[in-house]
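Below, chains carry the letters A, B, ... as their sequence lines are ordered, and counting in each starts from 1.
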Amino acid sequence: MKSFFWENLRIALAELWSHKTRSILTGTGIVIGIIAVSLMSTLINGVDGLFEDSMKFLGRGNLYVEKWPWFGDEDWWTLRNRPRIELDMADEIKERSQYAMVVAAERGRSANLSYKELSAENIYIHGVTANYPEVSTVDVEYGRFFTESEDRTGAQVVLLGSEVAKTLFPQGNPVDKMIFAGSKRFRVIGVLAEMGKFMGAFSNDTQVIIPLATFNKIFHGPWGRRSITVKVPEHLVDDAKEELRGVVRVLRGLKPGEKDNFAINQQNAFRQSYQGIKMAIGGTGMIITALSLLVGGIGIANIMFVSVKERTREIGVRKALGATRSQIQGQFLIEAMLITASGGLVGLIISTLISMGISKFLFPANMSFGVAFMAIALSAGVGLFAGLAPARKGAKLDPIEALRYE
Amino acid sequence: MSLIQVKDLYKIYQMGNTEVRALDGVSVSIEKNEYVSIMGPSGSGKSTLMNLIGCLDTPTSGEFFMDGIDVATMGDDELAHIRNKKIGFVFQTFNLLPKSTSLRNVELPLIYNGEIKAHERRDMAISALTRVNLGDRVSHKPNELSGGQRQRVAVARALVNNPAIILADEPTGNLDSKTGEEIMALFDELHKQGNTIILVTHEEHIAAHASRVVRLLDGKIAVDELTKRGKS
């Protein structure tokens, strides 16, 4: 049987070579389909990677007590009129909650920074407790994080996000330099490692971090984000959330029957929302790519029917000389699969180039071996599927009539 | 047993309500190394008999043994194997593959044989082409050859598998008379070398090359006799 495969491959190559334009046009449908399907999967994988990276920043076992829910459709005014989150609650939560391992508090608002004549405007100032590195990913590249005593005493020290550091200190080490936030002088004690960003949100790169007590001392007023982060064991996060809700309700003096006037946010909310978007994009993408492959497949089937018809006499001769049905069928199937597999390969090369371009300019999107394998298998499958009916038709021809065909 | 043994062979087609008896009880035996012409006007069943002998078709009823093998009830693929091993076809219109060289065309039956290695196929094809005096045309394509040369390539293709019979259907029908005679001389030569040849023709002077002639009329054998050549 093996020798027929090579023989059929040889026939198919000769046949496609003698109809170059036709072969290229027919294969183009598959090229487009495979570009769509492999690029789609690569992009989704890339976005997945980005998402997971940014989720690390939030931590799977973290619960965030905040005024605003991250997602939801509650009435804006109701949310707006909720009393603010008092960060003093952090200590009480730590005391009352059985699940809480770490309780950190943070505030945030924007301000302008400057170093000598250089300035960075509208920088998000993050005031956090000294245990903040335990609830979030904080990679200090140079220098150090602040200590608990610096937090307690409200020391004017600051860690710069990598972007901020680049803006204020285009060259040279920022550590131990004095910068201004508004009219206050801060000593730079560290620079955070670059972490990239996800859809422009949550990035340490464009933020600076200062001790919470320092923040409270300098920035008065009700503005900005306030959040208490409670770190609990990951596998108990659901129970812990219920307990935390009860604890916060008591601390905020809510009577039974009254609605919560706070939100407990968690990474899950992002995950669910992201999964929804991903399914929608992925689902639509899959339908479109499936359609484009179907159209390509129909094109192949059509051209194979033409090919079988044109070569009726050849089929007659081959059968008269002893070709069996399966040999004739194999000949046309291999021809169809050769068109689609070459189309698939070309499509794969093009989409690899495109994804390399995307990786370079937008976000990491690397063609995985799995995607490449799937694309080739899929294109060969389309050839098999599209070639089957024409090949069977050719195989079933009556040799007497086929020999007589003009 | 005879090389071809046919007994009470019927081939009946149903055309709407009418029944067409293309072969109406044919019995004939052909021995090894015989040289037989099958003749008859159109509609006599000549082509039908040729298709059955060529194992391209199966009879409605009757017995048909080819080289001792019962082929009357075989399926498509079994018939394909019989054609491949036992029969060498020569057609009126040559039926070479136009995009393939002489060598590739002659190799074709060996490829479908499935048991012969590539280099052996090549050697066998070249020797078959040499036997028909085309040893210098192995890499020519059909459109680079004359009609007579094309038919000789077809004869080489029929020979290459060393078949039990060579079945030629109007082999000179598309050739001028001089070239036709050359091809007939080739068949005479092959017969002398021990091959069994069956010619299907409507031309008396072509049929006269054979030693025996079988004349069909209305699906029956009308005459089965030795030719002048056969008697001598």
* Working for side chain to side chain contact (heavy atoms under 4.5 Å, CB included), residues B:Arg157 and A:Val317 -> CA-CA 11 Å; B:Arg157 184 178 64 185; A:Val317 173; 3.6 Å; yes
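- If you measure heavy-atom distances from A:Arg313 to chain B, the contacts under 4.5 Å come from the side chain alone.
- Here the straight-line distance linking atom CG of A:Leu403 with atom CZ of B:Phe91 works out to 4.5 Å at 0.5 Å rounding.
- Across all non-hydrogen atoms, the minimal contact from A:Ala323 to B:Ala80 is O-CB, 3.7 Å.
- The environment of OH in B:Tyr10 is crowded: more than 12 heavy-atom neighbours from other residues, nucleotides or ligands sit within 6.0 Å.
- In this structure, the separation between OG1 on A:Thr324 and NE2 on B:His81 is 5.5 Å, given to the nearest 0.5 Å.
- More than 12 heavy atoms of other residues, nucleotides or ligands lie within 6.0 Å of NZ in A:Lys20, so this atom counts as buried by the packing criterion.
- The heavy-atom pair separating B:Asp76 from A:Arg325 by the smallest distance is OD2-NH2, 2.8 Å.
- Applying a 4.5 Å heavy-atom cutoff, the residues of residues 92-109 of chain B that approach chain A are B:Thr93, B:Asn95, B:Leu97, B:Lys99, B:Arg104, B:Leu108, B:Pro109.
- Between B:Tyr112 atom OH and A:Arg318 atom CZ the span is 4.0 Å, to the nearest 0.5 Å.
- Considering only heavy-atom pairs separated by less than 4.5 Å from chain B, the leading option among A:Arg10, A:Lys319, A:Glu314 is A:Arg10.
- Residues of residues 51-59 of chain B placed with any heavy atom under 4.5 Å of a heavy atom in chain A are listed by number as B:Asn51, B:Leu56, B:Asp57.
- Crowding of A:Arg22 atom CZ: a count of heavy atoms from other residues, nucleotides or ligands under 6.0 Å exceeding 12.
- With a 4.5 angstrom heavy-atom cutoff, A:Arg311 does not touch chain B via any of its atoms.
- In B:Lys85, the NZ atom is crowded: over 12 heavy atoms of neighbouring residues, nucleotides or ligands sit closer than 6.0 Å.
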